[in-house]
Amino acid sequence: MSDFLDSDIIQKELDDINNLQEEIYNDIWHYDDLDYDGKLEHLDRVYELVEKQSIMYTRMSLSDDPFAIERKEAIQEFVEMMGFGRGSDVNAVFMDMKETLKEMMDDLDS
């Protein structure tokens, strides 16, 4: 295992990210059927996931561990494949995602 993955903090955060992803995935199919509170809770979880992913990306960016570097590069490639353009700032993508989620939460109140 890599030094990056040997960290108890990293392991806990990766477990949290995985658990949130599973919860969100299970709920997404029923989003339209949720009441206001359910939709707000779902969007809060998605926001929390994006925040945790953003922090993990920053940790990977600060690490010289080969695994962290490889994962960071894979995320960059994924962002580019999603149409954000070559060399896009991944942190800016996370910021945009969080802003979109805030707007969605505000729209629930309309």
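Numbers here are sequence positions counted from 1.
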Notebook entry, point to check: When hydrophobic residues are tied together by side-chain contacts of less than 4.5 Å, even through go-betweens, does Tyr57 share a cluster with Met81?
Noted result: yes
Separation between CG (Leu49) and NZ (Lys98), nearest 0.5 Å, reads 11.5 Å
Item to complete: Answer whether the closest heavy-atom distance between the side chains of Val93 and Met82 falls below 4.5 Å.
Response: no
Evaluate whether atom OH of Tyr36 has more than 12 neighbouring non-hydrogen atoms of other residues, nucleotides or ligands under 6.0 angstrom away.
yes
**OP:** For the residue pair Ile28 and His42, establish whether any side-chain heavy-atom pair is separated by less than 4.5 Å.
**Re:** yes
Go through Glu13 and Arg59 one step at a time and tell me if the side-chain contact (heavy atoms from CB on, under 4.5 Å) criterion holds. CA-CA 11 Å; Glu13 288 301 312; Arg59 286 181 170 146; 3.3 Å; yes
Heavy atoms from other residues, nucleotides or ligands near CG of Asp8 exceed 12 (cutoff 6.0 Å): no
Output for pair (Arg45 CZ, Asn19 CG), nearest 0.5 Å, gives 11.5 Å
Is the cationic atom of Lys102 (NZ for Lys, CZ for Arg) positioned less than 6.0 Å from the six-membered ring centroid of Tyr47 and within 45 degrees of its normal? no
Less than 4.5 Å apart, any side-chain heavy atom of Phe78 and any of Val90? no
So CD1 of Ile17 and NZ of Lys12: to nearest 0.5 Å the spacing works out to 10.5 Å
Side-chain donor/acceptor of Ser7 to backbone N/O of Asp3, under 3.5 Å: no
### Message
With a sphere of 6.0 Å drawn around CD1 of Ile9, does it hold more than 12 non-hydrogen atoms of other residues, nucleotides or ligands?
### Response
no
Does any part of the side chain of Leu108, heavy atoms only, come nearer than 4.5 Å to the side chain of Leu43, both counted from C-beta? yes
- Can you check whether Asp96's main-chain N or O pairs, donor with acceptor, with Thr100's side chain at less than 3.5 Å? yes
Query raised in the report: Is it the case that one hydrophobic cluster holds both Ile55 and Ile69, taking links as side-chain heavy atoms less than 4.5 Å apart, direct or via other members?
Result: no
So CG of Leu40 and CG of Asp37: to nearest 0.5 Å the spacing works out to 7.0 Å
### Message
Could you tell me if the side chain of Glu51 sits less than 4.5 Å from the side chain of Phe94, heavy atoms only?
### Response
no
So CG of Leu5 and CD of Gln11: to nearest 0.5 Å the spacing works out to 6.0 Å
Would you mind reporting whether Asp65 and Met60 have side-chain heavy atoms less than 4.5 Å apart? no
To the nearest 0.5 Å, atom CD of Glu70 lies from atom OG of Ser2 at 9.5 Å
Linked, directly or transitively: Met95 and Val46 (ILVMFWY side chains, under 4.5 Å): no
Any donor-acceptor N/O pair, Gln76 side chain to Arg86 backbone, under 3.5 Å: no
Scanning both residues in full, the closest heavy-atom pair of Lys52 with Leu20 reads CD-CD1, 3.8 Å
*Any Met105 side-chain heavy atom under 4.5 Å of Asp44 side chain*: yes
**Report entry** Any side-chain heavy-atom pair of Glu22 and Asn18 under 4.5 Å
**Finding:** yes
